[in-house]
Colleague: 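Got a structure here, written out as structure tokens. Questions coming.
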Amino acid sequence: MTANFRLPVGGRVNRDEALRFSLDGRPMLGYRGDTLASALLANGVHQVATSIKYGRPRGIMAAGVEDASALVQIEEPFPEPMMSATTVELYDGLIARGLPGQGRLADRPDPARYDAKHVHCDVVVVGAGPAGLVAALTSARSGARVVLVDDQNQAGGALLGSDEYFDDLGSPAAWVHEVLAELRATPGVLVLERTTAFGAYDDGFLLALQRRTDHLGAAAPKDVARQRIWRIRAKQTVIATGAHERPVVFADNDRPGIMLAGAARTYLHRYGVLPGRRIVVFTTNDSAYTAAIELAETGVDVPMLLDARAVPPEGLVAECAARGIEVRAGHAVTGTEGREHITDVHIAPLAGTGHPDTIMCDTLLVSGGWNPVVHLFSQLRGALRYAPELGAFVPGEELPDVQVVGSAAGALDLASCVRQGGEAGRAASEAAGFTRPAPVPLPTSDARVAEAAAMVLWQVPEGAEPTADTRFVDLQRDATVSDVLRATGAGLRSLEHIKRYTTIGTAHDQGKTSGMIAAGIVAEALGVKIAEQRPTTFRPPYTSVPFAALAGRDRGELHDPVRITAMHSWHVAQGALFEDVGQWKRPWYYPRPGEDMADAVLRECRAARESVALMDGSTLGKIDVQGQDSGEFLDMLYTNMMSNLKVGRIRYGVMCGVDGMVIDDGTVIRLAEDRFLVTTTTGNAAKILEWMEEWLQTEWPHLRVFLTSVTEHWATVPLVGPRSRDVLASLAPELDVSNEAFGFMSWRDTVLDVTGGVAARVCRISFSGELAYEINVNAWHGRALWEALMAAGEPYGITPYGTETMHVLRAEKGYPIIGQDTDGTVTPQDLGMSWAVSKKKPDFIGKRSFARSENNRPDRKQLVGLLPANPATVLPEGAQIIESAHLPEPPVRMLGHVTSSYASAALDRGFALAVVRSGRDRIGETLYVPVADDVVPVTVTDSVLFDKEGTRRDG
Amino acid sequence: MQLISCPWCGPREEVEFHYGGQAHVAYPDDPAALSDEDWARFVFFRDNPSGPFAERWSHAAGCRRWFNAIRDTRSHELLDVYRMDEAQPARTGTS
Ligand SMILES: [Zn+2]
């Protein structure tokens, strides 16, 4: 049976649209416009969950994001963990389950879409309560581009939880409607509802989460992004985020049915829902009197209001008396009874006269004052100041281009809020360059204003500390006053430390109701002033944000750009496996049916060494260097001389940092007196271009040199093997491919017999030691070139090979891969490349460092080859190298490590490259490599293991 | 996320920029003439002040130009930006 706590009329719910939902299997009905929490309360359900540590029943304590206890897991239409019942808009078919603290992610992919949008504006206003609305409209009337962000499904802020009346302007709802209508009709104004500003950053940057279709449940259109991240960049920011009511801590303050007084007003006025039938109110300030009076006026039994203050406000007391509400001044709640729901409150005088008593009730409303929502201001590193009259932190300094207004700045009455909103709106638009906004008439309200000062009370004092403490500070973390005192007792004084020790404020609600109270209790325990304590820092996000929303469209294929070459589709069709190199997809190897990777690589290697093979080398970085001073510039960047390279010739070059360590290598070809083309390793292309630009722009701006990345312009195919000359000759009728006419390290332009003639640049370079040609054509013709080569090579069994085979072939020849065989601590000399370091040039980057004593130590790690004693062994890359056949006790002296390791078809054995201390002096020695439980003996060799004489290069 | 004013493009998001370390550390005229210590000082040592600091930035995802900026290392506020061919603006005090 379902109790009905919905009033017959009133509230902003649509009674014509009933919605079915359930909690923990119990079916119920609510209305469009409800939250899950208001619909539960309308059905008489207070308990939503059980607590994480103690399993205590927990209910709905607030009506918004500050709620610390009513957590649910949504099961349908799509599983979503850790949702606050007070912020979930009700929809038809909602199935929820109360959560004991922790949720469960969906076990299937989320079908919803998420996206992001950028918006630039003059003024962003956060919060569409009275202050925010006036600020936004004032700015909009000046002509400024305004973005108004509000987390509710309708504007109005605190007015939604009130029945006050605006003199001259009518009901608050009519006033809000009018303001919004004008804002929406003003060009350049954007009003974002259901949008939570969760992060404020430098220079007016604000992140907000918009819930676009959540409230539609399963009826949400599939083609509309469910949630959207707004990236707002504003010249001026107005923070009008309101205030959260603060409870007071007492024994058993966590029972369902105990609720903030302001929340009860919201449920009454916004949703037409009564929180109970017999309601006791406990307050430290005037604001809760209104709740008591309004509830009594609906016919609810409000037997008693406890005011912690010795002297209560006379006028409000009289209003209560007129409605049969007994006000007991100087009294507090000392405990409660009930299991799933509160049944009684225990009360006692705080001091002076009176005696303890017990009152029967089904609801206890509590107000301990109001905490301004200063989160965004604090995120902007704005200093906070303790306001003793509020018992709360308020903005304590001026930040440039930021204003905090209304309750967020500590104002608690409508007149102050709208006045501050108007002033901020005018100041913001003027600062953004707009003048003389038409003033917005400010509404005046008949709402009760505070008569007497509030009392600041964190907790109801207790005689002896109870053994099982039920005075909960943070309901979500099940953290009590005793936990706080344990922290201070352990010697902690900083709120940041106490927060981490007690976990108070670290749950989904981030301590919106508990943080201030914890600070107060700590100050009392330590006997210090709160004002002298540094409050904990508020960090984004203000409320939890789904990772799916943050990811937006950047998922799957769109997560990171994928770069593919002109021949990619061919590789895919041939069943190549791919390796990611930076953002590039590179063919790794091309397995034939029944082959594993080892088989395929051995076959590909054999083809390259015995007949002819080809690979897609298009990903190699290519930088066009033009200008009269190009030679001089390259002489400074490379360790060897480039300016004396003849047009038509190619030179291998090494680049070092100023510290003399190798950063990249590649070929340099001279196209003309004033033009070179340099290549970089695939993964380093962007970095090297930036490195070159840095020197050109910052050190040698007088050099007439221009750098352009042309990586994507070219499709590049190394054609490798003893029969490569025959294959090239058959496709290049105009080219004399003989060794005499087209020698090693030279290039020729020609026209290939490919689809009616394709211009090509052919470079005679080799990264395998074999006779080889690197054929470059406009990327547009890449696939045609590739297919033509495959056809021309068919008689020789031409074989495509991938990066793995490329690595094996080059390693057999001892050619290092920068970044694999080097790690930023390796010099050209360490690599055995002194031949590539110019002795003639007076200077180049890195040269001076080669003379440093550290760079000349005889025990530097040097590149060598390793041959495992057992030819079948392939050492793991990264394995350490030691001197002894048995692993000694630690610390073990490491001589170096394996940098590259493969099985070689040409050598018919496993082999490796390694950097080893004094490596070149150790050639011939036996060293040892611990691998799992074994220690593998290896022979140190020269780094060149295949065709040391270079006889194969010219075919 | 900060806005950084590229002298060529105007204010842009900081993610478009790469940091280039301390500015006005010139490559020595004749490195060979330097002692090991002086060379090491050039290669490895940089200032790390608390307050205004002249640094190099590159508008890597924009115009690809390098420029100089004065940044307050305490607040990250960019007090000045200027082109490579412009002199370092005179600043008095520590703002
Ligand atoms: Zn730029």
Colleague: What is the minimum heavy-atom distance between B:W39 and A:R852, and which atoms define it?
Modeller: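 The answer is CD1-CD, 3.9 Å.
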
Colleague: Grab the two heavy atoms, one from A:F844 and one from B:Y27, that are nearest each other, plus how far apart they are.
Modeller: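 Closest heavy-atom pair between A:F844 and B:Y27: O-OH, 3.8 Å.
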
Colleague: Regarding B:R65 and A:E693, does a basic nitrogen lie under 4.0 Å from an acidic carboxylate oxygen?
Modeller: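 Salt bridge flag = no for A:E693 with B:R65.
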
Colleague: Heavy-atom count around B:Y19 OH within 6.0 Å, excluding the residue itself: above 12?
Modeller: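 Yes, the 6.0 Å shell around OH holds more than 12 heavy atoms from other groups.
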
Colleague: For residues B:L3 and A:D203, report the shortest heavy-atom separation together with the two atoms involved.
Modeller: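 Heavy atoms of B:L3 and A:D203 come nearest at N-OD2, 2.7 Å.
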
Colleague: Heavy-atom distance under 4.5 Å between the side chains of B:H76 and A:D202, does that happen here?
Modeller: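 Not in contact.
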
Colleague: What heavy-atom pair brings A:S853 and B:D36 nearest, and what distance separates the two atoms?
Modeller: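 Minimum heavy-atom separation between A:S853 and B:D36: N-OD2, 3.7 Å.
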
Colleague: Ignoring hydrogens and geometry, is there a side-chain-to-backbone donor-acceptor pair from A:Q697 to B:W66 under 3.5 Å?
Modeller: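 Indeed, once roles are kept as given, a pair shorter than 3.5 Å links the two residues.
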
Colleague: Charged N to carboxylate O under 4.0 angstrom, A:R848 versus B:D30?
Modeller: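 B:D30 and A:R848: not salt-bridged.
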
Colleague: Is B:N48 atom CG crowded by more than 12 heavy atoms from other residues, nucleotides or ligands, each under 6.0 Å away?
Modeller: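 Atom CG in B:N48 is not packed in, count stays at 12 or less.
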
Colleague: Find the distance between CD (B:E14) and CZ (A:F205) and round it off to the nearest 0.5 Å.
Modeller: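 B:E14 atom CD to A:F205 atom CZ measures 9.5 Å (nearest 0.5 Å).
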
Colleague: Decide if atom CZ of A:F547 counts as having more than 12 heavy atoms of other residues, nucleotides or ligands within a radius under 6.0 Å.
Modeller: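 Incorrect, the count does not exceed 12.
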
Colleague: Taking every heavy-atom pair that is under 4.5 Å apart, which of B:M84, B:H18, B:M1 has the most such pairs with chain A?
Modeller: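 When all of B:M84, B:H18, B:M1 are compared, B:M1 has the most.
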
Colleague: By a 4.5 Å heavy-atom criterion (distance strictly below it), what part of A:A851 contacts chain B: side chain, backbone, both, or neither?
Modeller: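 Contact with chain B: backbone only.
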
Colleague: Hey, is CZ on B:R46 packed in by over 12 heavy atoms from elsewhere, all under 6.0 Å?
Modeller: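 Correct, the count exceeds 12.
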
Colleague: Other residues, nucleotides and ligands only: do more than 12 of their heavy atoms fall within 6.0 Å of CG on B:D29?
Modeller: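 Incorrect, the count does not exceed 12.
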
Colleague: Checking B:F42 against chain A: side chain, backbone, both or neither under 4.5 Å from a heavy atom?
Modeller: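 Just the side chain, heavy atoms under 4.5 Å.
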
Colleague: Crowded around B:E37 CD? As in, over 12 foreign heavy atoms under 6.0 Å?
Modeller: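 Open.
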
Colleague: State, with a plain yes or no, whether a side-chain heavy atom of A:E690 is found less than 4.5 Å away from one of B:R64.
Modeller: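 Result no, sub-4.5 Å side-chain heavy-atom pair not found.
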
Colleague: Quick check on A:R233 against chain B: is it the side chain, the backbone, both or neither that has a heavy atom closer than 4.5 Å?
Modeller: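 For A:R233, side-chain heavy atoms alone lie under 4.5 Å from chain B.
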
Colleague: More than 12 non-hydrogen atoms from neighbouring residues, nucleotides or ligands closer than 6.0 Å to NE2 on A:H702, yes or no?
Modeller: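 Atom NE2 in A:H702 is crowded, with more than 12 foreign heavy atoms closer than 6.0 Å.
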
Colleague: Could you tell me whether A:K839 atom NZ has more than 12 heavy atoms of other residues or ligands within 6.0 Å of it?
Modeller: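 More than 12 within 6.0 Å, yes.
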
Colleague: In terms of heavy-atom proximity below 4.5 Å to chain B, should A:D659 be classed as side chain, backbone, both, or neither?
Modeller: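 Looking at A:D659, backbone and side chain both touch chain B.
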
Colleague: Heavy-atom cut-off 4.5 Å, strictly under: side chain, backbone, both or neither for A:L689 against chain B?
Modeller: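 For A:L689, side-chain heavy atoms alone lie under 4.5 Å from chain B.
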
